[in-house]
Amino acid sequence: MASSSLQASLHKPFLGPKHPHLHRNSQVRPRLRFSSNGLRFSAIRATSSAVSLEPSSVEENRSSEVSEVFACPVCYEPLIRKGPSGLNLGSIYRSGFKCRKCNKSYSSKDIYLDLTVTAGLRDYTEVKPAGTELFRHASHLFSLVVAPQFDRSPLVSFLYERGWRQNFNRSGFPGPDEEFKMAEDYFKSVQGGLLVDVSCGSGLFSRKFAKSGTYSAVIALDFSENMLRQSYDFIKRDGTLLESNLALVRADVSRLPFSSGSVDAVHAGAALHCWPSPSNAVAEITRILRSGGVFVGTTFLRYTSSTPLILRSLREVVIGNISSQINKNCILRTVILTPLSGTKSSPVQPKVLRALQNYIYLTEEEIEDLCTSCGLTNYSCKVQQSFIMFSAQKP
């Protein structure tokens, strides 16, 4: 149950732009666009000289309709939505969703919409394997060791944009502002469309995409509940973001809750290396992208083509040495082992080492091979030290 102050902020009137952004290719591929005030502009007529936009009638505040975006994560059937239209936090919070095929219902949990397969289950609970998202905020040995225990905790959620993320520059990451500009260059062909920021973390880039005004709507998606809560804490500080078409959704990257061919752009910042199966995730991203849709991601490389052979070998075995580093350091034992075993002196458990070893660093060649094998084309990338930003397009 959300707090009274949270409910009050979410139930404020939402006033949006008079018109949604038009996709540059709207003449040939009409799409539904979203407005935060609940209006739909769905009728688009093309002529040889101009494109005209006809607003449809205003929808009822409390209506039942097929969801324009969301699909059941079980069967991918478009969800039936009951509640106000729009993709801002307030309208999502006051809406209910149901799959008419599975008869499964989905609703907002506190301030985000839970669209995981396990949403709403009372007896069954599921925790992602430790290798899923645990090291997403790491760029050096300390991060490799500490992040596994706190990625889903309020501690890392709180620290991520308060100094932690800056450590990425040691691995060659240019910094959030420059990375955002680079991503925007890749997304030029899909401006005006729907963007999904998968594994969004604290919403650092989700907020940048939403504030740019370049997209009709932005969906910040993560499996971590604490990260989504932290993302909301940042969003609520900016009234313009609360009123924008920015939604928070909990979902599994290997089971994305969107209909096939319904999304224009997908962004995954510093995320691919922490997915348990990058191939499944990229295949899912390919499925939800429209023809012409663009996928942009950043990650840490295992090594680059310019990395000396001796360093390549060292990076292959570095995880195997983490156990001894933990056991030698009393601080690391405290923050790592206590949550796992309840003691400060226990050795690292084999399951922890397996999780560390399951953390997936890819090479430039492997990332390109992965994208092309999933059906994406026009692959390109930019590499700086261990940092890579890559882009690929759905044909």
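For the single chain, residues carry numbers from 1 onward in sequence order.
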Does a side chain donor of either [X] or [Y] reach within less than 3.5 Å of an acceptor in the other side chain?
X	Y	value
T363	R302	no
S206	D197	yes
D114	T116	yes

Between [X] and [Y], is any pair of side-chain heavy atoms under 4.5 Å apart?
X	Y	value
P174	F387	yes
K104	K98	no
L87	L246	no
D233	Q230	yes
L195	I219	no
R250	L115	no
V198	H267	no
Y232	L242	yes

Within this structure, what is the [atom1]-[atom2] distance for the pair [X] and [Y], rounded to the nearest 0.5 Å?
X	Y	atom1	atom2	value
I111	E225	CD1	CD	9.5 Å
C200	L248	SG	CG	7.0 Å
S216	Q191	OG	CD	12.0 Å
Y124	T118	OH	OG1	7.5 Å
F390	S380	CZ	OG	10.5 Å
S189	N378	OG	CG	9.0 Å

Check for a donor-acceptor pair, side chain of [X] on one end and backbone N or O of [Y] on the other, with a separation under 3.5 Å.
X	Y	result
R170	F173	no
S254	A281	no
Q385	S171	no
K82	G96	no
N169	G172	no
R287	F258	yes
S108	I92	yes
N88	N245	no
S244	A210	no
Q393	G292	yes

Checklist entry - Can V253 be reached from V74 by stepping across I, L, V, M, F, W or Y side chains whose heavy atoms are under 4.5 Å apart? => result yes
Next on the checklist: Would a single hydrophobic cluster contain both Y76 and V249, if residues Ile, Leu, Val, Met, Phe, Trp and Tyr are joined by side-chain heavy-atom contacts under 4.5 Å?
Outcome noted: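 No; tracing contacts between hydrophobic side chains, which count when under 4.5 Å, never links both residues.
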Next on the checklist: Is there a side chain to side chain contact (heavy atoms under 4.5 Å, CB included) between V263 and R290? Walk through the geometry before answering.
Outcome noted: CA-CA 6 Å; V263 174; R290 300 180 189 271; 5.8 Å; no
Where [X] and [Y] come nearest, the two heavy atoms and their spacing:
X	Y	answer
G203	S231	CA-OG, 3.6 Å
M182	K382	CE-CD, 3.7 Å
T298	A270	OG1-N, 2.7 Å
L289	K394	O-NZ, 2.9 Å
E366	Y361	OE1-O, 4.2 Å
G375	P395	O-CD, 3.2 Å

Item to check | Carboxylate-amine/guanidinium contact E184 K181, below 4.0 Å | outcome: no
Item to check | salt bridge (charged side-chain N to carboxylate O under 4.0 Å, His left out) contacts in which one or both residues fall within residues 69-79, not counting sequence neighbours | outcome: E77-R100
Ring centroid separation for [X] and [Y], is it under 6.0 angstrom?
X	Y	value
F209	F180	yes
F97	F70	yes
F295	Y186	no

Next on the checklist: Using the rule given for salt bridge (Lys or Arg N to Asp or Glu O under 4.0 Å), can you reason through D238 versus K211, listing the C-alpha separation, both sets of side-chain angles and the distance that settles it, and then say yes or no?
Outcome noted: CA-CA 10 Å; D238 189 332; K211 292 195 74 170; 2.8 Å; yes
Next on the checklist: Using side chain to side chain contact (heavy atoms under 4.5 Å, CB included), reason through R81 and S91 one step at a time and then give a plain yes or no.
Outcome noted: CA-CA 11 Å; R81 177 175 181 174; S91 62; 3.5 Å; yes
Next on the checklist: Run the side chain to side chain contact (heavy atoms under 4.5 Å, CB included) test on V117 and D252 for me, step by step, so that the C-alpha distance in whole Å, both residues' side-chain angles and the decisive distance to 0.1 Å come before the verdict.
Outcome noted: CA-CA 8 Å; V117 173; D252 187 340; over 6 Å; no
Next on the checklist: Does R229 qualify as a cation-pi partner of Y112, given the criterion of NZ or CZ under 6.0 Å from the six-membered ring centre and within 45 degrees of its axis?
Outcome noted: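 Cation-pi check for R229 and Y112: fails.
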Item to check | Sole candidate of L221, L79, I288 that passes side chain to side chain contact (heavy atoms under 4.5 Å, CB included) when paired with P257 | outcome: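 Option passing the side chain to side chain contact (heavy atoms under 4.5 Å, CB included) with P257: L221.
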Checklist entry - K208 and D177: side chain to side chain contact (heavy atoms under 4.5 Å, CB included), yes or no, with the steps? => result CA-CA 9 Å; K208 288 181 178 292; D177 291 340; 2.7 Å; yes
Next on the checklist: Below 30° counts as parallel, above 60° as perpendicular, anything between as tilted: where do the rings of F300 and H273 land?
Outcome noted: perpendicular
